[in-house]
Amino acid sequence: QVQLVESGGGLVQAGGALRLSCAASGRTFSMYVMGWFRQAPGKEREFVAAIGRSGGSGSTYYADSVEGRFTISRDNAKNTVYLQMNSLKPEDTAVYYCAAAPRLVIVGTGYDYWGQGTHVTVSS
């Protein structure tokens, strides 16, 4: 069992930056691939980014819409995954969720554990 708690959301102007954090409970954090998803009002949940178990170079994956602006990283010693979001746009407004999966997938159904979400609002 893994419990996930996101933090770091808030209100930011377009062009600004935020860093989301997701703290995981348990001692098996490093066994999971970690992902970030988001859901905007009236839209379906969508994949944002994922990172492999070790977090090494070459193990990160991004949606086209955030590639080059967002960076996912993890600190297995702290049981935490991060999402650094730069050059934010109004269309990035959503509830952001972190999730844990046993293997690398970019669809939400592949993730076993989910956090409660943190709100990000980007004003124009």
Side-chain angles (χ1 to χ4, degrees):
Q1 191 82 354
V2 177
Q3 293 184 327
L4 304 172
V5 179
E6 302 96 336
S7 61
L11 173 64
V12 64
Q13 289 189 330
L18 282 175
R19 187 175 83 154
L20 306 184
S21 299
C22 174
S25 65
R27 293 176 287 182
T28 59
F29 176 73
S30 62
M31 295 175 60
Y32 290 92
V33 170
M34 298 301 297
W36 285 96
F37 291 77
R38 67 186 181 186
Q39 187 166 19
K43 295 187 176 181
E44 294 187 352
R45 181 179 61 195
E46 65 175 356
F47 169 77
V48 175
I51 188 167
R53 296 176 184 83
S54 66
S57 60
S59 72
T60 57
Y61 302 86
Y62 298 94
D64 290 343
S65 59
V66 307
E67 179 87 50
R69 299 188 298 122
F70 291 11
T71 302
I72 188 171
S73 62
R74 66 189 296 165
D75 185 338
N76 286 344
K78 295 182 178 180
N79 282 10
T80 302
V81 62
Y82 305 96
L83 186 68
Q84 178 66 45
M85 306 186 296
N86 298 330
S87 302
L88 283 161
K89 305 175 181 179
E91 51 263 44
D92 294 319
T93 295
V95 178
Y96 284 72
Y97 301 89
C98 70
R103 61 190 61 84
L104 182 64
V105 292
I106 62 171
V107 292
T109 51
Y111 287 75
D112 296 331
Y113 302 102
W114 292 83
Q116 83 289 349
T118 186
H119 289 258
V120 172
T121 302
V122 184
S123 63
S124 58

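In this structure, Ile106 is not a member of the same hydrophobic cluster as Met34, with clusters built from ILVMFWY side-chain heavy atoms closer than 4.5 Å. Put simply, Val66 and Val120 are part of the same group of oily side chains (I, L, V, M, F, W, Y) that touch within less than 4.5 Å, one to the next. Put simply, Trp36 and Val2 are part of the same group of oily side chains (I, L, V, M, F, W, Y) that touch within less than 4.5 Å, one to the next. A continuous path of Ile, Leu, Val, Met, Phe, Trp and Tyr side chains, each step under 4.5 Å between heavy atoms, connects Ile72 with Phe29, placing both in one hydrophobic cluster. A continuous path of ILVMFWY side-chain contacts below 4.5 Å connects Leu18 to Val122, so both sit in one hydrophobic cluster.
The distance from atom CE of Met85 to atom CZ of Arg69, rounded to the nearest 0.5 Å, is 9.5 Å. Here the CD atom belonging to Gln13 is positioned 9.5 Å from the OG atom belonging to Ser124, to the nearest 0.5 angstrom. Atom OH of Tyr82 is separated from atom CG of Asp75 by 5.0 Å, given to the nearest 0.5 angstrom. Atom OG of Ser30 and atom CG of Asn79 lie 8.0 Å apart (nearest 0.5 Å). Atom OG1 of Thr60 is separated from atom CD of Glu67 by 8.0 Å, given to the nearest 0.5 angstrom.
Residues passing the side chain to side chain contact (heavy atoms under 4.5 Å, CB included) test with Gln84, sequence neighbours excluded: Ala17, Arg19, Thr71, Asn86. Residues that satisfy the ring-ring contact (aromatic ring centres under 6.0 Å, His included) test with Phe70, not counting sequence neighbours, are absent from this structure.
Paired with Tyr96 under the rule side chain to side chain contact (heavy atoms under 4.5 Å, CB included), one option of Arg38, Gln39, His119 passes, and it is Arg38.
Around CD of Gln3, the count of heavy atoms belonging to other residues, nucleotides or ligands within 6.0 Å does not exceed 12.
Identified under the disulfide (SG to SG under 2.5 Å) test for residues 12-52, with sequence neighbours left out: Cys22-Cys98.
Phe37 and Trp114 have tilted rings, their planes meeting at an angle from 30° to 60° on a 0 to 90° scale.
Between Pro102 and Gly110, the closest heavy-atom pair is CD-O, 3.8 Å. What you find for Tyr111 and Gly35 is that their closest heavy atoms are CE2-N, 3.7 Å. The minimum heavy-atom distance linking Ser21 with Thr80 is given by the pair CB-CG2, 4.3 Å. Closest heavy-atom contact between Tyr97 and Gly115: CD2-O, 3.6 Å. Of all the heavy atoms in Arg103 and Arg53, the pair that sits closest is CA-NH2, 3.9 Å. In this structure, Leu11 and Ser123 approach most closely via the heavy-atom pair CD1-CB, 4.3 Å.
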Next on the checklist: Is there a side chain to side chain contact (heavy atoms under 4.5 Å, CB included) between Gln1 and Tyr113? Walk through the geometry before answering.
Outcome noted: CA-CA 8 Å; Gln1 191 82 354; Tyr113 302 102; 3.7 Å; yes
